[in-house]
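Following: one structure in structure tokens, then a few remarks.
Here the structure is a predicted model, which is why all the values come from computation and not from measurement. Counting starts at 1 for both ligands and their atoms, in listed order.
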Amino acid sequence: MKEEATTLPQQFIKKYRLLLGEESTEFFCALEQGSAKKGFRWNPLKPAGLAMVQTYHSEELQPAPYSNEGFLGTVNGKSFLHQAGYEYSQEPSAMIVGTVAAAKPGEKVLDLCAAPGGKSTQLAAQMRGKGLLVSNEIFPKRAKILSENIERWGVSNAIVTNHAPAELVPHFSGFFDRIVVDAPCSGEGMFRKDPNAVKEWTEESPLHCQKRQQEILSSAIKMLKHEGQLIYSTCTFAPEENEEIISWLVENYPVTIEEIPLSQTVSSGRPEWGSVDGLDKTVRIWPHENQGEGHFVAKLTFHGQNPTCKEKKVRKKRKEQLTKEQEKLWTEFSMDFHYEITGRLLVFNDHLWEVPELLPSLDGLKVMRTGLHLGDFKKNRFEPSYALALAMKKTENIPCLSITQKEWQSYTAGETFQRDGDQGWVLLVLDKIPVGFGKQVKGTVKNFFPKGLRFR
Ligand SMILES: C[S@@+](CC[C@H](N)C(=O)[O-])C[C@H]1O[C@@H](n2cnc3c(N)ncnc32)[C@H](O)[C@@H]1O
């Protein structure tokens, strides 16, 4: 289907005609006439992640340009593949940010402006469940969506917080190996994808955004370790929010710009639009030159020393420790289901959590998700959570029940279904894909799909 032509604001045209000269003709043409490409990433944290995505997409999958896990195409938000966290819809250019960030297993990583979770899911995949990922979002509603996306992705080593960047500094000063700032911006790179981005744009937007970006970055810098890395990105073309921001960072903080080793055909940042050396090491994606929408990304190393917050060893408070009975219930369950813990176990009000090992004290923080919610203790039993089902790595030799698409539809609508047997807790799998837990009692499979997520 041909998308409607985008009508660009006059002031925008005037500005980029001046900045780009002759090149502006192709640029405007791509923005006005071209159609936005869609993309998605498959999830390497899931059993047979790639194979399942290949099986369930009937179309021939074309690789997306900036991520090894990316494909061009669309995701059906109601498909079981999406619900089970096997794929994440992401604009192809946006995938470059995670690729540049290249988080490593075992690191402490902060995604400071994280909702809805495109970069966080990419970082979590790179970390393979090891280390600590803090995904933060300032707006509560967006933080909730972020938390749900992290859960679907099956991440065990992430916490989700809901704070303004400055509020995190006292808790995480000098703490992180890597910080991603995917900044709120004037969104010019989204013009042909999202008509609202055009409507909301004014001539003043880039400078307003620049101020906010400086505030966010001045907090981010304080949370970096010595030699820690900062990855800064926007989805706008505006020099004020890209080369000028990187120049401001270099002029005000002990940071250097890193070369971004990318084999893909991307353009470099424009040195003439900033005021420091090294801007040619940053990356721009232009719609008239590359696949995908507009994007900018830079990687910097911080050479200063921030005061480190004393790594308060998190001592488990008495009420957070498992009782002997709870320990016995969890051990029985985890042995039956071969679930291996990589973090620590904590109980809050009978809810059992796997908390990332490297986590400092969370006192005073608004935390939406303290790692992986494993399940709840109820009287004399343990009830596994939906989040745990989505974080299961193995489906062999554990109590499983293979269900059909039709049964999955009943399950996501909150209904029970009939199946001969009396196995008790079972991991429900659809073509070996974990989709939730059920309890099989005398031929009936009871439903434990979370009420808030039900759909038909
Ligand atoms: C470009 S989006 C992030 C997209 C996200 N990284 C992803 O890949 O899905 C920018 C985010 O910054 C948040 N934001 C807006 N104002 C902010 C502020 N003053 N400080 C921190 N974050 C802010 C927005 O709510 C939004 O979620």
Side-chain angles (χ1 to χ4, degrees), residues 38-41 64 66-67 69-70 75 85 87-101 103 109-126 133-153 155 158 160-169 172 178-191 193-194 196-197 200-201 205-223 230-238 241-242 245 285 292-298 366 368:
K38 295 200 165 73
F40 64 91
R41 283 181 296 105
Y66 311 118
S67 160
E69 283 132 20
V75 162
E87 50 191 19
Y88 189 98
S89 176
Q90 190 174 35
E91 193 280 303
S93 298
M95 296 178 193
I96 200 167
V97 182
T99 303
V100 167
V109 179
L110 170 64
D111 186 5
L112 189 51
C113 311
K119 315 302 176 304
S120 280
T121 49
Q122 217 172 347
L123 295 165
Q126 292 164 343
L133 173 63
V134 178
S135 292
N136 179 70
E137 166 60 37
I138 190 168
F139 295 118
K141 276 193 185 148
R142 290 179 61 82
K144 184 167 176 285
I145 296 169
L146 169 66
S147 187
E148 286 167 5
N149 282 333
I150 295 270
E151 172 171 301
R152 234 199 311 272
W153 203 245
V155 183
V160 177
T161 57
N162 170 215
H163 280 280
E167 294 166 349
L168 292 179
V169 176
F172 294 108
R178 205 171 292 277
I179 299 182
V180 174
V181 175
D182 187 27
C185 68
S186 58
E188 295 168 357
M190 295 295 123
F191 275 4
K193 181 181 164 213
D194 177 10
N196 280 330
E200 282 165 17
W201 188 90
S205 307
L207 277 179
H208 278 309
C209 291
Q210 184 189 67
K211 193 163 172 290
R212 191 165 48 176
Q213 288 149 357
Q214 288 173 342
E215 279 166 19
I216 295 171
L217 285 166
S218 61
S219 296
I221 289 277
K222 293 182 186 135
M223 292 188 269
L230 174 69
I231 294 84
Y232 173 78
S233 64
T234 70
C235 59
T236 196
F237 307 111
E241 302 173 65
N242 298 325
I245 279 284
I285 299 177
E293 302 309 286
H295 237 84
F296 174 86
V297 59
K366 273 184 278 172
M368 315 277 294

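With a 4.0 Å heavy-atom cut-off, ligand 1 is reached by no atom of Gln90. Neither the backbone nor the side chain of Glu215 has a heavy atom within less than 4.0 Å of ligand 1. At a heavy-atom cutoff of 4.0 Å, ligand 1 is contacted by no atom of Cys235, backbone or side chain.
Of the listed residues (Pro184, Pro165, Ala114, Cys185), the one carrying the non-hydrogen atom nearest atom 15 (C) of ligand 1 is Pro184. For atom 25 (O) of ligand 1, the nearest non-hydrogen atom from the set His163, Gln213, Glu91, Glu137 comes from Glu137.
Within the 4.0 Å heavy-atom cutoff, Ser233 does not count among the residues contacting ligand 1. Using 4.0 Å as the threshold, Pro116 has a heavy atom nearer than that to some atom of ligand 1.
Looking at Arg152 and Glu148, no side-chain N of the basic residue comes within less than 4.0 Å of a carboxylate O on the acidic one, giving no salt bridge. In summary, Lys193 and Glu293 do not engage in a salt bridge, as defined by a charged side-chain N under 4.0 Å from a carboxylate O.
A donor-acceptor contact shorter than 3.5 Å links the side chain of Arg41 to the backbone of Gly118. Glu137 contributes a side-chain N or O that, together with a main-chain N or O of Ala115, makes up a donor-acceptor pair within less than 3.5 Å.
In terms of N/O distances under 3.5 Å, ligand 1 is approached by Arg142. At under 3.5 Å, a nitrogen or oxygen of Cys113, whether backbone or side chain, sits near a nitrogen or oxygen of ligand 1. Between Asp182 and ligand 1, an N or O atom pair is found at a separation short of 3.5 Å. The shortest N or O to N or O distance between Ala115 and ligand 1 is under 3.5 Å. Looking at ligand 1, you won't find any N or O of Ala183 less than 3.5 Å from one of its N or O atoms.
Using a 4.0 Å cut-off to heavy atoms of Phe139, the atoms of ligand 1 that qualify are 15 (C), 25 (O). Ligand-side atoms of ligand 1 in range of Ile216: 18 (C), 20 (N), 21 (C), range being under 4.0 angstrom from any heavy atom. Contact atoms of ligand 1 toward Ile138: 14 (N), 17 (C), 18 (C), 19 (N), 20 (N), 22 (N), 23 (C) (distance under 4.0 Å to a heavy atom of the residue). Annotation for ligand 1: atoms under 4.0 Å from non-hydrogen atoms of Arg212 are 16 (N), 19 (N). Close contacts of ligand 1 with Gly117, meaning ligand atoms under 4.0 Å from a residue heavy atom, involve 7 (C), 9 (O).
Summary of contacts: the protein heavy atom closest to atom 8 (O) of ligand 1 is Lys119 NZ, 2.7 Å. Looking at atom 9 (O) of ligand 1, its nearest protein heavy atom turns out to be Gly118 N, 2.8 Å.
With a 4.5 Å cut-off on side-chain heavy atoms, Ile231 and Lys119 do not count as touching. Tyr66 is not listed as a side-chain neighbour of His295, based on a closest heavy-atom distance of 4.5 Å or more.
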So Thr236 and Cys209, side chain to side chain contact (heavy atoms under 4.5 Å, CB included) or not? Walk me through it.
-> CA-CA 10 Å; Thr236 196; Cys209 291; over 6 Å; no

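Side-chain contact check for Asp111 and Ser135: no donor-acceptor pair (N or O, by modelled atom type) lies under 3.5 Å. With no hydrogens or angles considered, no side-chain donor-acceptor pair links Thr121 and Asn149 at under 3.5 Å.
Distance check, rounded to the nearest 0.5 Å: CG of Asn196 to CE of Met190 gives 13.5 Å. Atom CD1 of Ile96 sits about 10.0 Å away from atom CD of Gln122, to the nearest 0.5 Å. How far CD of Gln210 is from OG of Ser186: 10.5 Å, rounded to the nearest 0.5 Å.
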